[in-house]
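Worksheet: the structure to be examined is printed underneath.
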Amino acid sequence: MDNARDRVRRLAGDYVQRDDPTGWFEPLYAEAAGDASLIPWADLVPNPAFTEWADRIGFKGSGGSALVVGCGLGDDAEELRRRGWRVTAFDISPTAIAWCRRRFPDSGVQYVESDLLKPPREWRGAFDFALETYTLQALPTGLRTRAIEEVASFIRPGGSLLVISRGRRPEEPDAGPPWPLLREEFDRFLESGLKEDGFEEFMDSESPPVRRFRACYRRKYEDSSPASLKR
């Protein structure tokens, strides 16, 4: 795993220097050639910080529409489908999307190749729920304001969003990837028209433990035409 993480940092660093900060995802998945151990975040199980939260609140979909941001190899998307959601899941890497389809050939999830920074216009305000786990932390800080605005734009009035990421305090280092988020960066979701329903900071069970942030948001019903939906 340490070798895989080192490879990610070198690859991402190369692409950031080329002014192509999201260009490294596809080479990473392509070079893995089906070996998930070469993808540091691919545990081949749903994100435990998501499932713990979902179990705790009895989270179910009842046929509502859900979007998974940066779906990777699809485990979170399949978990949402299992919980009763109609799921669309996207990733910037065509190799990752093809990998999902091979892993889950009979899935009801719609796997789509798309770029978070240039999503389909018809996704704006289209989803009852969106899940973002570890995508924002994979983006350099200069891209995060725009990325957060795009994530927020997917939520329809009355819909909700769950965001899970590495977190850091101002005095802690931000070398990456992953680039941990500051608590203040989450305020951008509020500026994008969402209401915060809950924010948690905790240390996970990795060795050594990693600081995580988990935040829940909702778009009010009366907020039917936020600026993010007009772009």
Side-chain angles (χ1 to χ4, degrees), residues 1 4-5 7-8 11-12 14-16 18 20-51 61 64-140 143-144 146-155 161-165 177-178:
M1 181 59 73
R5 292 186 188 279
R7 170 60 178 152
V8 165
L11 191 63
D14 288 345
Y15 276 83
V16 169
R18 299 181 204 176
D20 184 12
T22 62
W24 57 276
F25 293 102
E26 171 57 16
L28 177 69
Y29 282 102
E31 291 172 14
D35 183 354
S37 70
L38 299 179
I39 311 296
W41 51 83
D43 296 326
L44 303 184
V45 294
N47 187 302
F50 164 53
T51 55
S65 60
L67 181 70
V68 178
V69 177
C71 66
L73 299 187
D75 295 282
D76 290 342
E78 296 298 322
E79 178 66 13
L80 274 171
R81 182 190 61 82
R82 188 184 72 80
R83 291 175 181 267
W85 293 87
R86 291 182 291 107
V87 183
T88 300
F90 76 92
D91 201 281
I92 195 173
S93 165
T95 296
I97 293 300
W99 200 333
C100 289
R101 291 169 179 163
R102 288 195 304 274
R103 288 188 69 205
F104 307 107
D106 300 318
S107 174
V109 175
Q110 181 183 16
Y111 288 105
V112 180
E113 178 191 343
S114 187
D115 183 349
L116 172 59
L117 302 178
K118 294 179 288 187
R121 186 170 182 81
E122 60 267 25
W123 286 0
R124 298 191 184 281
F127 295 94
D128 297 303
F129 176 75
L131 176 64
E132 197 298 278
T133 61
Y134 301 173
T135 302
L136 294 174
Q137 70 184 37
L139 299 175
L143 293 180
R144 285 221 281 259
R146 179 178 170 191
I148 288 171
E149 290 172 350
E150 294 292 355
V151 171
S153 78
F154 299 138
I155 308 303
L161 166 69
L162 180 68
V163 180
I164 301 169
S165 78

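Along the sequence shown, the residues carry numbers beginning at 1. Keep in mind that what you see is a predicted model, and the values were worked out from it rather than measured.
- Qualifying side-chain hydrogen bond (donor to acceptor under 3.5 Å, both in side chains) partners for Arg101, counting only residues two or more places apart in sequence or in other chains: none.
- When the side-chain contact (heavy atoms from CB on, under 4.5 Å) test is applied to Ala98, the partners found at least two apart in sequence or on another chain are Arg102.
- When the side-chain contact (heavy atoms from CB on, under 4.5 Å) test is applied to Asn47, the partners found at least two apart in sequence or on another chain are Ala49, Phe50, Asp76, Thr133, Tyr134, Ile164.
- Looking at every heavy atom in both residues, Val68 comes nearest to Ala77 through CG2-CA, 3.8 Å.
- The structure places CD of Glu113 at 9.0 Å from OG1 of Thr95, a figure rounded to the nearest 0.5 Å.
- The nearest pair of heavy atoms linking Tyr111 to Gly74 is OH-O, 3.4 Å.
- Residues passing the side-chain hydrogen bond (donor to acceptor under 3.5 Å, both in side chains) test with Asp20, sequence neighbours excluded: none.
- Note that CG of Leu139 is 9.5 Å distant from CD1 of Ile148, once rounded to the nearest 0.5 Å.
- In this view, Arg86 and Ser65 satisfy the side-chain contact (heavy atoms from CB on, under 4.5 Å) rule, not counting sequence neighbours.
- Taking each heavy atom of Ala12 and Pro177 in turn, the nearest pair found is CB-CG, 3.6 Å.
- Side-chain N/O atoms of Ser93 and Asp91 include no donor and acceptor closer than 3.5 Å.
- One distance of note links CH2 of Trp41 with CG of Leu73; it measures 9.5 Å at 0.5 Å rounding.
- For Trp24, the ring pair (Phe, Tyr, Trp, His ring centres under 6.0 Å) criterion is met by no residue, not counting sequence neighbours.
- Phe90 is linked by a ring pair (Phe, Tyr, Trp, His ring centres under 6.0 Å) to Trp123, counting only residues two or more places apart in sequence or in another chain.
- Glu132 places a side-chain N or O within 3.5 Å of a backbone atom of Thr135 that can act as its donor or acceptor partner.
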**Message:** For a side chain to side chain contact (heavy atoms under 4.5 Å, CB included) check, start with the C-alpha distance between Thr22 and Tyr15, then their side-chain angles and the critical distance, and finish with the verdict.
**Reply:** CA-CA 7 Å; Thr22 62; Tyr15 276 83; over 6 Å; no
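- Listed for the Thr51 side chain is a donor-acceptor partner under 3.5 Å among the backbone atoms of Pro48.
- Taking 4.5 Å as the limit, some side-chain heavy atom of Pro140 sits within range of a side-chain heavy atom of Val16.
- Note that OG1 of Thr88 is 4.5 Å distant from CD of Gln110, once rounded to the nearest 0.5 Å.
- For Glu150 and Arg124, the salt-bridge test passes: some basic side-chain N is under 4.0 Å from an acidic carboxylate O.
- Across Leu80 and Ala66, no two heavy atoms sit closer than the pair CD1-CB, 4.2 Å.
- One distance of note links CG of Leu136 with CG of Leu116; it measures 7.0 Å at 0.5 Å rounding.
- Not counting sequence neighbours, the partners of Leu161 by the side-chain contact (heavy atoms from CB on, under 4.5 Å) test are Ala130, Val151, Ile155, Val163, Phe189, Leu194, Tyr217.
- Applying the salt bridge (Lys or Arg N to Asp or Glu O under 4.0 Å) rule to Glu26 yields no partners; only residues at least two apart in sequence or on another chain are considered.
- Arg144 meets the salt bridge (Lys or Arg N to Asp or Glu O under 4.0 Å) test with Glu185; sequence neighbours excluded.
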**Request:** Give the C-alpha distance, both sets of side-chain angles, the deciding distance and a yes or no for side chain to side chain contact (heavy atoms under 4.5 Å, CB included) between Tyr29 and Leu38.
**Result:** CA-CA 8 Å; Tyr29 282 102; Leu38 299 179; over 6 Å; no
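- Residues that satisfy the ring pair (Phe, Tyr, Trp, His ring centres under 6.0 Å) test with Phe104, not counting sequence neighbours, are absent from this structure.
- With sequence neighbours left out, the salt bridge (Lys or Arg N to Asp or Glu O under 4.0 Å) criterion links Glu78 to Arg81.
- The two residues Cys100 and Gly72 have their closest heavy-atom pair at SG-O, 3.0 Å.
- Remark: Leu131 CG to Leu162 CG distance equals 5.5 Å, nearest 0.5 Å.
- Nearest approach of Ser37 to Ala4, heavy atoms of both residues: O-CB, 3.8 Å.
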